[in-house]
Novice: 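Here you go, one structure.
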Amino acid sequence: MSRELGDVIPAPVEVRPDAAARFTLDADTAIGAALEARKVAAYLAGILRPATGFDLPVTDGPAAIVLRLDPSLGEEEYRLEITDGGVALTGGAPAGLFRGVQTLRQLLPAEIFATVPQAVRWTLPGGTIADRPRFAYRGAMLDVARHFFTVAEVKSHLDTLAQFKINHLHLHLTDDQGWRIEIESWPKLTAISGGDGTGVDGAGPGFYTRDDYAEIVAYAASRFIVIVPEIDMPGHVNAAQVAYPELTADGVAPPQRTDVEVGYSSLVAGKEETYTFVDDVLREVAALTPGPWLHIGGDEAQATTAEDYRTFIQRVLPLVAKYGKSPVGWHEMAAADLPPTAVTQFWRIEATDDDTARAVAGGGKVIMSPADRTYLDMKYADDSPLGLDWAGLLDVGKAYEWDPAERLPGVGEQALLGVEAPLWSETLRSLTDVQTMTFPRLPAIAEIGWSPRGSRDWESFRRRLAAYGPRWTFQGVAFHRSPEVPWA
Ligand SMILES: CC1=[NH+][C@H]2[C@@H](O1)O[C@H](CO)[C@@H](O)[C@@H]2O
């Protein structure tokens with residue numbers, strides 16, 4: 001199948017094909033990179049070797065494929081030139097090179113995603129691509145509290161997200177059913193609520209030790225993806241209260257929960273133990289998180305009075321800053337007085353939202369995650385075996401045909417930090433389930449987050465998506481064969 005230079009997801013900003021040029025990799029091809037580009041060059045060689053069977057040495061000498069940095073470009077900006085003589089990839093920083101490598105890989109035959117040598121000609125179409133992202137924050141969220149996913153599963157998920165230039169993975173680490181990150185100063189959080197029988201399926205145990213979490217963070221960083229940890233509060237805390245009853249109003253441990261109800265648990269805004277707990281947890285998670293963000297949740301606090309909610313949020317926000325991080329929270333957080341550094345994540349389906357508009361009026365940025373367009377846990381169709389449907393059915397066309405700058409009155413382009421596609425795991429039991437719900441809808445959100453607002457075109461996208469199907473198959477990645485896409 002011939003590949004056009006523009007057959008890339010997300011769609012690049014500028015594509016100038018040169019039909020007279022093409023470049024074919026062969027056994028003599030080397031990858032040239034100066035020291036600061038060496039890591040990405042090694043990554044590129046690593047992803048090309050299995051299917052080509054070529055050595056693809058990385059050298060600082062002459063080479064047919066050359067990676068270089070040009071600091072005059074934006075950090076994630078890149079320029080890709082393919083001629084008869086070879087390939088030149090220039091990035092504003094290593095992250096830009098890494099995004100350009102994802103484009104380069106998509107321009108090779110689909111077999112490049114195979115894990116064993118394939119007998120194909122590794123020909124690239126000629127021309128130039130100049131590319132850079134629309135939004136700085138292009139995220140996916142994985143709920144590891146309702147169903148736990150191992151370090152290996154999260155790493156695999158990161159590799160599938162990186163192909164679409166996603167640069168943040170938000171891990172929903174705590175909820176009513178499970179606590180999934182070890183906190184040394186409060187060990188029973190994982191000993192009990194990361195233990196046997198935890199999760200919506202009661203399938204626990206499952207939690208990340210400090211070393212596990214550090215391993216995930218490091219792997220994500222090697223894909224230029226920032227981990228955003230979420231400690232959800234003051235609601236969604238039953239798991240913490242099972243482990244530490246002193247966090248409840250009456251000091252009595254509530255029963256462990258494996259159902260999917262929400263809105264029944266709350267930390268106690270009037271107890272000092274609450275803030276000792278929160279301070280310890282945020283201190284330890286911040287120390288393990290190199291990225292700038294700490295997500296403090298804030299959603300569905302129906303068991304917290306409006307006054308207590310504001311009191312709690314306004315006491316917790318300074319703790320995030322104390323540990324050198326910037327706070328993110330679900331948009332209800334904006335019921336409290338927020339510092340301009342706070343980012344609100346809009347997740348509802350209503351046409352307007354006063355909390356979010358108030359946050360923006362105060363100078364805050366917004367991550368757009370409207371459930372009816374971005375929630376990857378929504379069923380594709382009525383008969384979908386996985387997923388929920390409270391925000392309606394969501395197939396890939398509906399996930400593609402919207403714009404975050406037009407979603408909420410008072411929240412325009414300048415107020416947006418970016419977009420994120422959350423995947424809640426009440427109905428998920430495996431990495432295959434995660435992949436099936438993620439693909440092909442995540443690429444739609446990725447294109448909204450990366451490509452120029454005016455360039456989006458559903459007919460072009462569904463054709464490019466159809467060509468991606470074989471790439472998922474060669475990788476062994478599950479995906480939903482949506483009837484809206486003319487799959488190859
Ligand atoms: C931010 C938010 N809080 C709720 C809501 O989204 O819906 C999810 C299911 O779609 C659910 O798991 C989550 O606890």
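Whatever order the structure lists them in is the order used to number ligands and atoms, beginning at 1. Every value quoted in this text rests on a predicted model; they were computed, and no experiment measured them.
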Novice: Identify whether the distance between the nearest side-chain nitrogen and carboxylate oxygen of E413 and R134 falls below 4.0 Å.
Specialist: yes
Novice: Rounded at 0.5 Å granularity, tell me how far CZ in F461 sits from CZ in R456.
Specialist: 10.0 Å
Novice: Identify the closest protein heavy atom to atom 5 (C) of ligand 1: which residue and atom is it, and at what distance?
Specialist: W347 CZ3, 3.5 Å
Novice: Could you tell me the residue and atom name of the protein heavy atom closest to atom 3 (N) of ligand 1, and the distance to it rounded to 0.1 Å?
Specialist: D299 OD2, 2.7 Å
Novice: Any atoms of ligand 1 less than 4.0 Å from a non-hydrogen atom of E426? List them with their elements.
Specialist: 9 (C), 11 (C), 12 (O)
Novice: Side chains of R223 and Y219: any donor to acceptor distance under 3.5 Å?
Specialist: yes
Novice: For M368, run the side chain to side chain contact (heavy atoms under 4.5 Å, CB included) check against L417, T374, V419 and tell me which one passes.
Specialist: V419
Novice: Nearest to atom 4 (C) of ligand 1, what protein heavy atom do you find, and at what distance?
Specialist: E300 OE1, 3.1 Å
Novice: CD of E153 to CZ of F148: how many Å apart, nearest 0.5 Å?
Specialist: 8.0 Å
Novice: Using a distance-only test with no angle check, is there a side-chain donor-acceptor pair under 3.5 angstrom linking T311 and D308?
Specialist: no
Novice: Between D143 and ligand 1, which part of the residue brings a heavy atom under 4.0 Å of the ligand: side chain, backbone, both or neither?
Specialist: neither
Novice: Enumerate the atoms of ligand 1 whose separation from the nearest heavy atom of D377 is less than 4.0 angstrom.
Specialist: 9 (C), 10 (O)
Novice: Answer yes or no: is there a side-chain heavy-atom contact under 4.5 Å between R462 and Y400?
Specialist: no
Novice: Can you name the atoms of ligand 1, numbered from 1 with element, that are less than 4.0 Å from a heavy atom of M378?
Specialist: 10 (O)
Novice: Can we say R180 and D175 salt-bridge, meaning some charged N sits less than 4.0 Å from an Asp/Glu carboxylate O?
Specialist: no
Novice: Would you mind running through ligand 1 and noting each atom that sits below 4.0 Å from a heavy atom of L388?
Specialist: 9 (C), 10 (O)
Novice: Among protein heavy atoms, which sits nearest to atom 6 (O) of ligand 1, and what does the distance come to when rounded to 0.1 Å?
Specialist: Y375 OH, 2.8 Å
Novice: If the contact criterion is a heavy-atom separation under 4.0 Å, does H236 count as touching ligand 1?
Specialist: yes
Novice: For atom 14 (O) of ligand 1, which protein heavy atom lies nearest, and how many Å away is it?
Specialist: R146 NH2, 2.8 Å
